[in-house]
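Position 1 is the first residue of the sequence; numbering continues from there.
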Amino acid sequence: MLSNKRIQELELVMEFEKVEECFKEVSSWIENVGRKRLKETINLDDSLEMLLQAQKQFREFDLNASEYCRRGQEALKKTDRWEDFSSVDVHSYRVKLQTYKDQLEEFCTQLDENRHRICETVRLYEFFDKVRQGICCMEEGVKS
């Protein structure tokens, strides 16, 4: 039984090395591209036109970012079996795995929050634009 468990652990280590390539690619993209682009969306412009342009640009980024999140999550699913192993040899790989998992979860959460914030801001600006147009129409009606 010990021999079988050790063989399984070695297989997991070999499997991890394959999956780690995906993690490294996703992690690198998050650090070098994703986080920078998310920071750009912190300060949104004051006009509806500029906000709509920012939303369009964010949607393009969001498609790409969501694909990286999906790939990272698929890679994490491949390592679900690691939870059952507790040997010292596997521990260092589990630590790396947890680091990748934390980074991915944090980025995906920030992406979701920014998506929601931009959408709500656009809706709010559109509402205020309609109110402003309504007030202008009322003022013109009062003047005539």
Q: Can you see which heavy atom on Gln55 is nearest to which on Cys119, and at what distance?
A: NE2-CA, 4.1 Å

Q. Hey, are the side chains of Glu40 and Gln57 touching, using non-hydrogen atoms and a 4.5 Å cut-off?
A. no

Q: Would you name the heavy atoms of Phe58 and Arg115 that are closest together and state the gap between them?
A: CE2-CA, 3.6 Å

**Q.** Point-to-point distance, once rounded to the nearest 0.5 Å, from SG of Cys108 to CD1 of Ile30
**A.** 6.5 Å

Q: Describe, in one word, how the ring planes of Phe107 and Trp29 are oriented to each other, choosing from parallel (under 30°), tilted (30 to 60°) and perpendicular (over 60°).
A: perpendicular

Q | Closest non-hydrogen atom pair, Phe61 against Gly34 | A | CZ-O, 3.7 Å

(Q) Could you see if Ile135 belongs to whatever hydrophobic cluster contains Leu124? Use Ile, Leu, Val, Met, Phe, Trp, Tyr and a side-chain cutoff under 4.5 Å. (A) yes

Q: Compare every heavy atom of Ala65 with every heavy atom of Leu111, then report the nearest pair and how far apart it is.
A: CD2-CB, 3.7 Å

Q. Does a side-chain N-to-carboxylate-O contact under 4.0 Å join Glu60 and Arg37?
A. no

Q. For the atom pair OH (Tyr68) and OG (Ser27), what is the distance rounded to the nearest 0.5 Å?
A. 11.5 Å

Q: May I ask you to test the Thr121-Arg117 pair for a side-chain heavy-atom distance under 4.5 Å?
A: yes

Q. Do the charged groups of Arg123 and Glu120 touch, with an N to O distance under 4.0 Å?
A. yes

Q. What do the steps show when you test Glu25 against Arg71 for side-chain contact (heavy atoms from CB on, under 4.5 Å), and what is the final call?
A. CA-CA 10 Å; Glu25 181 183 344; Arg71 288 174 49 201; 2.8 Å; yes

**Q.** Closest contact, heavy atoms only, Val122 versus Leu48
**A.** O-CD1, 4.2 Å

Q | Side-chain heavy-atom pair Leu76, Leu97 within 4.5 angstrom cut-off | A | yes

Q: Please determine if Arg70 and Glu74 form a salt bridge, counting it only when a charged side-chain N lies under 4.0 Å from a carboxylate O.
A: yes

Q: Indicate yes or no: does Glu31 engage Arg35 in a salt bridge with an N to O separation below 4.0 Å.
A: yes

Q: Start with the C-alpha distance between Lys96 and Phe23, add both sets of side-chain angles, then the distance that settles side-chain contact (heavy atoms from CB on, under 4.5 Å), and finish with yes or no.
A: CA-CA 10 Å; Lys96 285 183 184 180; Phe23 286 137; over 6 Å; no

Q.
Applying a strict under-4.5 Å side-chain criterion to I, L, V, M, F, W and Y, I'd like to know whether Leu52 and Ile118 cluster together.
A. yes

Q: Indicate whether the side chain of Gln133 and that of Asp129 have a donor and an acceptor atom separated by less than 3.5 Å.
A: yes

(Q) How close do Gln73 and Leu104 get, counting heavy atoms only, and between which atoms? (A) N-CD2, 3.5 Å

**Q.** Ser28 side-chain N/O to Lys24 backbone N/O, donor-acceptor pair under 3.5 Å
**A.** no

